[in-house]
Amino acid sequence: MKRSSRPKRKKLASSSQTDAAKRTRVPKPSMGRVRLQQSVGRRGFDFTYAMRLLVNDMVARMPELAHIDMSRVAVAMVQARVDSTHGIFATLTPMRFEEGARYTVKRGRKYGVQTLLDEHGREMLYILSFYLPRFQNMDFSEKMITIFHELWHISPNFDGDIRRHPGRCYAHSSSQKEYDEHMAVLSAKYLMKKPSPRLYQFLEIDFGKLYAGSGGVYGVKIPRPKLIPVAG
């Protein structure tokens, strides 16, 4: 934005006008651009880049994940408000609706979702987020299961939608316990393929040790995408 040397005076709006403007404010169509590469010259541990390297290897080694194109998946970290063992550990946010549709209808109104691009302008289809320090303080095996849990939500069609199971509980099938047991099998199968320990060794320690040993922890942060009303 260009800074004017002589800004124009603006007419002050009443409080009622300001409140009305806030209620009718429409989110921007784009969330901007996200970094997929490692940050250069910054002190500390780049959590999201390390996680991207690990997930890239998972996708390359596991036929069950071969449909995933990580160049269209943004990896983010979220600062958990409460340092607790209870709460959200990770999430997968789809950037499209059912069957990859760009629009959906809610209460008779048509909506789209904000877009997120990478450094080169390529649109992201998913956001994979990890809540710190909560995620990092889990046991190693639980961390690995959690990663597979979120990756498994990605649609086999890789169209921006989630994997939909038959029945009412389409996200986790009829049994979340069986879902997680399947993820434990996939995690064990991956480790049996003997990936380089350098890819996952940062998950073998808790957040405090990771922070102290690296002089800090940082990574990409992405706000939750918003729905945008579509005219017509």
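Just so you know, residue 1 is the first one in the sequence shown, and it goes up from there. Hydrogens, waters and symmetry mates are skipped; everything else that's a heavy atom, side chains included, is used.
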For the residue pair [X] and [Y], what are the closest heavy atoms and their distance?
| X | Y | result |
| --- | --- | --- |
| Met51 | Phe135 | CE-CE2, 3.7 Å |
| Ile154 | Ile68 | CD1-CD1, 3.8 Å |
| Leu36 | Tyr49 | O-CD1, 3.9 Å |
| Ser187 | Met144 | OG-CB, 3.2 Å |

Step by step, would you call Glu150 with Phe89 a side-chain contact (heavy atoms from CB on, under 4.5 Å)?
CA-CA 10 Å; Glu150 301 306 331; Phe89 298 103; over 6 Å; no

Heavy-atom side-chain proximity of Arg163 to Pro156 below 4.5 angstrom
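Result yes, sub-4.5 Å side-chain heavy-atom pair found.
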
Do Val59 and Val55 have side chains that approach each other closer than 4.5 Å (heavy atoms only, starting at C-beta)?
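A side-chain contact under 4.5 Å exists here.
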
Honestly, is Arg72 close enough over Phe158, meaning NZ or CZ under 6.0 Å from the six-membered ring centre and within 45° of the axis?
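Pair Arg72/Phe158 does not count as cation-pi.
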
Report the distance from atom NE2 of His149 to atom NE2 of His182, rounding to the nearest 0.5 Å.
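Answer for the NE2-NE2 pair, His149 versus His182, is 12.5 Å.
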
First locate atom OH of Tyr126, then atom CE of Met70, and finally report the distance between them rounded to the nearest 0.5 Å.
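Reported value, rounded in 0.5 Å steps: 12.0 Å.
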
Taking the inter-plane angle between the rings of Phe47 and Phe130 on a 0 to 90° scale, is it parallel (under 30°), tilted (30 to 60°) or perpendicular (over 60°)?
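Aromatic pair Phe47/Phe130 classed perpendicular.
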
Is it possible for you to say whether Ile147 and Ile222 belong to one hydrophobic cluster, with membership spreading through side-chain heavy-atom contacts below 4.5 Å?
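No, separate clusters.
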
Any chain of hydrophobic side-chain contacts (each under 4.5 Å) joining Val78 to Met95?
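Shared cluster, no.
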
Hey, are Arg102 and Glu123 close enough for a salt bridge, meaning a charged N less than 4.0 Å from a carboxylate O?
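A salt bridge is present here (some side-chain N lies under 4.0 Å from a carboxylate O).
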
Would one find more than 12 heavy atoms of other residues, nucleotides or ligands at under 6.0 Å from atom OH of Tyr211?
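Atom OH in Tyr211 is not crowded, with 12 or fewer foreign heavy atoms closer than 6.0 Å.
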
Looking at Arg224, I'd like to know if its CZ atom is crowded, meaning that more than 12 non-hydrogen atoms belonging to other residues, nucleotides or ligands lie closer than 6.0 Å.
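It does not: Arg224 CZ has 12 such atoms or fewer within range.
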
Are Tyr200 and Phe140 an aromatic pair, judged by ring center distance below 6.0 Å?
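Between Tyr200 and Phe140, which both carry aromatic rings, the centre distance is below 6.0 Å.
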
